[in-house]
Amino acid sequence: APTSESYYEKSYKALRNINNLLDQSKNYTGTENIDQPVGQALFYRAFWHFFLLKRYGGITLATYAPETNSDMILAPRNSRYEVVQQILDDLDEAISRLKNTTKSSTGNNGQVTIEAANALKARVCLFEGTWEKYHKAKNDKFFDSTVTDEKIRDYFNQAVAAAKEVMDRGVWAIYNT
């Protein structure tokens, strides 16, 4: 059996690079506004955590760039609920930082926009709400009984609100043939 798995390894390498940027941004003393690159980094941290969540469920959260002797290196997995909460926290902060810094267009040079952050938030909430609802209905071993119907509804409501934000900005439209 292989000693590493590419999905896991590539994701944590990306998370380390992202967290390096975020760690360095805390020490920034310049006068230029850095909300856009920090917002984009938070978006990508949420993206990679979501990528891992879909494949593995609970994972070890990477919210800082670890040193070689860091506790994170051998830390146990966080619960899927902690992972989802971190993803949503990162997306909320990304949305806050991107709201006045990016202009959405087809020529935005690959920059993450507020619409992309809201779209990812909608996807995460729809995924997690559906996962929770399905596993609760099955009453299987993966369902955490502390997750209430209210929490499941909250995921769906957040998905609707985030999708509505994308639609209401009027930048993108549904393609009709």
For K10, is the NZ atom crowded, meaning more than 12 foreign heavy atoms sit under 6.0 Å from it? no

What class does the angle between the rings of F47 and F51 fall in, given that below 30° is parallel, 30 to 60° is tilted and above 60° is perpendicular? parallel

R169/E165 salt bridge by N-O under 4.0 Å criterion: no

Check the pair Y81 / T146 against side-chain contact (heavy atoms from CB on, under 4.5 Å), numbers first and verdict last. CA-CA 10 Å; Y81 313 104; T146 64; 5.8 Å; no

Side-chain contact, heavy-atom cut-off 4.5 Å: L42 with D92? no

Flag side-chain contact, heavy atom, 4.5 Å: L61 against R77: no

Would you say that T130 contacts F156 through its side chain, given a criterion of any heavy-atom pair below 4.5 Å between the two side chains? yes

Would the distance check show the side chain of H49 and the main-chain N or O of I59 forming a donor-acceptor pair, the cut-off being under 3.5 Å? no

Using the test salt bridge (Lys or Arg N to Asp or Glu O under 4.0 Å), find all partners of R123 that sit at least two apart in sequence or belong to another chain. none

Where is the tightest heavy-atom contact between Y44 and V112, given as atom of each residue plus distance? CE1-CG2, 3.5 Å

Under a 3.5 Å cutoff, is there a donor and acceptor pairing between the side chains of T148 and E150? no

Go through the structure and list residues passing salt bridge (Lys or Arg N to Asp or Glu O under 4.0 Å) with K133, not counting sequence neighbours. none

Show me the pairs that pass ring-ring contact (aromatic ring centres under 6.0 Å, His included) and involve residues 10-33, at least two apart or across chains. Y8-Y12

By salt bridge (Lys or Arg N to Asp or Glu O under 4.0 Å), K151 pairs with (sequence neighbours left out) D154

Please say which of K54, K121, R80 ends up in a salt bridge (charged side-chain N to carboxylate O under 4.0 Å, His left out) with E128. R80

Do Y155 and W131 make a side-chain contact, defined as non-hydrogen atoms from C-beta onward lying under 4.5 Å apart? no

If you define the side chain from C-beta out and look only at heavy atoms, does anything of T60 sit under 4.5 Å from P76? no

Considering residues at least two apart in sequence or located in another chain, which fulfil the side-chain contact (heavy atoms from CB on, under 4.5 Å) criterion with A65? R16, N19, N20, D23

For residues Q36 and L98, report the shortest heavy-atom separation together with the two atoms involved. O-CD2, 3.9 Å

Could you go step by step and tell me if E132 and K136 meet the salt bridge (Lys or Arg N to Asp or Glu O under 4.0 Å) rule? CA-CA 6 Å; E132 296 294 349; K136 180 178 184 179; over 6 Å; no

Check this for me, if you would: do E9 and K13 make a salt bridge, where the nitrogen-to-carboxylate-oxygen distance has to be below 4.0 angstrom? yes

Output all residues satisfying side-chain contact (heavy atoms from CB on, under 4.5 Å) with N27, sequence neighbours left out; order by chain, then residue number. none

